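These notes concern the structure reproduced below.
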Amino acid sequence: MNVESAASAASAIARTVLAPSAADGDKQGRFSTEAVEELGRAGLLGLMLPVDVGGSLLGPRAFAGVVAALAEVDASVAMVFLMHTLASVTIAAAPRTAALEEVLRAMAGGRHLSTLAFSETGSRSHFWAPISRAESLDGGGARLSARKSFVTSAGHAQSYVTSALSHTGSGLTDSTLYLVLAGSEGVTVAGAWDGLGLRANASSPMVLERCVVPADRRLTAEGGGFQTMLDVVLPLFNVGQAAVSLGLCRAAVAATIAHLKSARFEHLGSTSLGEALPTLRAQLATMQIETDGLLARLDDAIGHLEQPGELTMLRVLEVKAAAGETAIAVTSLAMRACGGAAFSRHTGIERFFRDAHAGAVMAPTNDVLREFIGRALLGLPLF
Ligand SMILES: Cc1cc2nc3c(=O)[nH]c(=O)nc-3n(C[C@H](O)[C@H](O)[C@H](O)COP(=O)(O)OP(=O)(O)OC[C@H]3O[C@@H](n4cnc5c(N)ncnc54)[C@H](O)[C@@H]3O)c2cc1C
C-alpha cells in the first residue's frame with residue numbers, strides 16, 4: 001500500500017459502502033459496523049502500524065488522504081477511522097509486550113477497532129488533565145475508575161486507549177496511558193449518543209469502575225502520558241481533523257454545484273439557479289477558494305510533520321483551528337446558496353453543516369488552540 005492506493009481504497013469504500021447509508025445512518029444515529037469491516041478488509045486499520053505486525057507503516061499524508069476521502073461522504077466514519085488510527089499509533093509507540101503485539105496484529109488484520117478515551121466529565125475539554133487517578137496494583141498493574149465524557153466508537157471498539165493521573169505524580173498533567181479491552185470488568189457505556197452532528201459515530205460517555213489493567217497493557221512510563229499526548233497524538237489529531245474539514249468542504253462544494261445546476265426557475269425560461277443568479281456563483285466561488293486554501297494549509301502542515309522544523313508545532317496548532325472555521329464557513333455558505341432546499345434537508349448539505357460544527361469543539365478546541373498559539377507567539381508556557 002502507498003499514499004495513492006490508500007486514498008483510492010478509501011474512496012472506493014466511501015462510494016460503495018458509505019454513500020448508500022450515510023444519510024440514514026445520520027438520521028438514525030447508527031454506527032456503521034459494515035464500514036469498519038470494509039476498512040479492516042482493505043488493510044486501512046493498520047495504515048500507520050509497523051510492518052512487523054502486518055501494518056503498512058504509512059505516514060500523515062496517507063492518513064490525511066484516507067480521512068478526507070471518507071469525510072467527503074460520511075464524516076462520522078472518518079472520525080471513527082481517525083480515532084482508531086490515533087489509538088493504533090499510541091499503542092505502537094509503547095514498549096512492546098506480547099499483549100500489545102497481539103492487539104496490533106489484530107488491528108493490522110482488520111479485526112480490532114480502537115479509540116481514544118481521554119476527555120473526562122470533570123476536566124471537560126482539558127483532556128490533558130484527567131481527574132481520575134490510577135491505583136497501583138502489585139505486579140505493576142493498575143485499577144482505574146473514571147468518567148469519560150465522550151468516547152467515539154463507544155461500545156463498538158474492541159479497546160480504549162485511556163488516560164488517568166499517575167499514582168506517583170502530583171501535577172495536573174502527570175498522567176499515564178493504558179489500553180483497556182472492551183468487555184473487561186467495570187467497563188460500561190454510560191448513555192446514548194444523540195449529537196447535533198457526527199451522529200453516526202457513537203460518541204457516548206463511558207464509565208470505568210475499578211477496572212483492572214495488567215502491567216503489560218500500560219502504554220507509557222508512569223507519568224509519561226502527557227508527553228505521548230503531545231508528541232504522538234496531538235499532531236496527527238490536528239492534521240486528521242483538518243482532513244475531516246477538507247472532506248466536508250469538498251462535499252459542500254459538490255452538493256452546491258449539483259443543486260445550482262439542477263434547480264430551476266420555470267417562470268424565467270427554466271434557467272438553473274446557477275445560470276440565473278450571480279450572487280450564488282460568487283458564493284460558490286468563495287467556497288471553492290476557501291476549500292483550496294484549506295488544502296494548501298493541510299499540505300503545508302503535513303510537510304511540517306514529514307520534515308519537522310522550528311515552526312512545526314505552530315503550524316500543527318494552526319491547522320485544526322483554521323480548518324474548523326473554514327468548514328463552518330463553507331458549509332454555512334452552502335446552506336445559504338442552496339436556500340430552503342438545503343434547510344429542509346433535500347440536498348444533504350445540512351448534514352455537512354452540522355458535522356462541520358463538531359471540529360471546533362473537539363479538544364483541543366479551536367478556542368484553546370488560539371490560546372496556545374497566542375502563548376507560543378508571546379513566548380509564554382502553554383501549560
Ligand atoms: C462528536 C464528538 C466526539 C468526541 N470524541 C471523543 C473521543 O473519542 N475521545 C475523547 O477523549 N474525547 C472526545 N470528544 C470530547 C472532545 O474532545 C471535548 O472534550 C468536548 O467536546 C468538550 O466539550 P465540553 O462541553 O466539555 O467543553 P468545555 O470544556 O466545557 O468548553 C466550553 C467552551 O469553553 C472553551 N474553552 C475551554 N477551555 C478554554 C481555554 N482554556 N481557553 C479558551 N476557551 C476555552 C471551549 O472552546 C468551548 O467553547 C468528542 C466530542 C465530540 C463533540
Side-chain angles (χ1 to χ4, degrees), residues 25-26 29 31 67 71 74-88 90 113-132 144 146-157 159-164 172-173 175 177-180 182 189-208 225-226 228-229 232-234 236-238 240-241 244-245 248 317 320-321 324-325 327-328 351-352 354-376 380-383:
D26 169 68
F31 185 92
V67 171
D74 190 335
S76 286
V77 173
M79 275 308 303
V80 168
F81 173 77
L82 185 161
M83 286 304 194
H84 165 82
T85 305
L86 293 180
S88 79
T90 307
L113 181 74
S114 194
T115 191
L116 300 179
F118 287 171
S119 304
E120 297 200 355
T121 308
S123 49
R124 308 189 70 87
S125 59
H126 299 184
F127 66 87
W128 55 86
I131 301 293
S132 62
L144 307 181
R147 287 188 300 145
K148 298 290 178 180
S149 49
F150 299 81
V151 182
T152 294
S153 307
H156 297 274
S159 65
Y160 303 90
V161 170
T162 300
S163 54
L172 287 178
T173 60
S175 64
L177 302 186
Y178 301 90
L179 184 67
V180 171
V189 176
W193 170 241
D194 184 18
L196 173 77
L198 297 183
R199 291 179 47 75
N201 77 354
S203 294
S204 290
M206 291 188 72
V207 169
L208 305 180
F226 176 63
T228 296
M229 286 178 182
V232 179
V233 180
L234 178 75
L236 272 184
F237 180 75
N238 279 14
Q241 269 286 339
V244 171
S245 297
L248 284 165
L317 296 176
K320 175 182 177 282
E325 307 306 332
I328 289 173
R351 170 163 62 91
F352 310 140
R354 287 184 284 106
D355 288 351
H357 281 74
V361 297
M362 290 188 73
T365 71
N366 288 0
D367 299 311
V368 166
L369 286 168
R370 282 185 168 74
E371 167 69 357
F372 287 170
I373 292 165
R375 283 181 163 271
L380 300 170
L382 296 198
F383 293 91

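Fair warning: this is a prediction, and the values are worked out from it, not measured in the lab. Counting starts at 1 for both ligands and their atoms, in listed order.
In this comparison of Phe127, Phe118, Phe150, the heavy atom closest to atom 23 (O) of ligand 1 sits on Phe150. When the heavy-atom distances from atom 1 (C) of ligand 1 to Trp193, Phe372, Phe237 are ranked, the shortest goes to Trp193. Distances from atom 22 (C) of ligand 1 to the heavy atoms of Pro364, Ser153, Ala157, Ser125 show the closest one on Ser125. For the residues His126, Gln241, Met206, the heavy atom positioned nearest atom 38 (N) of ligand 1 is part of His126.
For the pair Asn201 and ligand 1, the shortest N or O to N or O distance does not fall below 3.5 Å. Checked by distance only, ligand 1 and Ala358 stay at 3.5 Å or farther apart across all their nitrogen or oxygen atoms. For ligand 1, the polar-atom distance check finds an N/O of Ala363 within less than 3.5 Å of one of the ligand's N/O atoms. Taking any N or O of Thr365, backbone or side chain, at least one lies under 3.5 Å from an N or O belonging to ligand 1.
Heavy-atom contacts of Leu116 reach the following atoms of ligand 1: 7 (C), 8 (O), 9 (N), 10 (C), 11 (O) (cutoff under 4.0 Å).
Put simply, the side chain of Arg375 gets close to the backbone of Pro381: a donor and an acceptor are under 3.5 Å apart. Between the side chain of Ser153 and the main chain of His156, no donor-acceptor pair closer than 3.5 Å is present. Using modelled atom types, one side-chain atom of Asp355 and one backbone atom of Leu198 make a donor-acceptor pair closer than 3.5 Å.
Note: Tyr178 and Tyr160 fail the aromatic proximity criterion, with ring centroids not under 6.0 Å apart.
Under 4.0 Å from ligand 1, heavy atoms of Met362 appear from its side chain as well as its backbone.
Distance screen at 4.0 Å: atom 34 (O) of ligand 1 has no protein heavy-atom neighbour inside the cut-off. Counting protein heavy atoms under 4.0 angstrom from atom 46 (C) of ligand 1 gives one or more.
Between Phe118 and Phe127, the two ring planes are parallel [angle under 30°; tilted spans 30° to 60°].
With contacts defined as side-chain heavy-atom distances shorter than 4.5 Å, the pair Thr162/Ser132 does not qualify.
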* Do Lys320 and Glu325 pass the salt bridge (charged side-chain N to carboxylate O under 4.0 Å, His left out) test, and can you show the C-alpha distance, the side-chain angles, and the key distance before you say yes or no? -> CA-CA 9 Å; Lys320 175 182 177 282; Glu325 307 306 332; over 6 Å; no

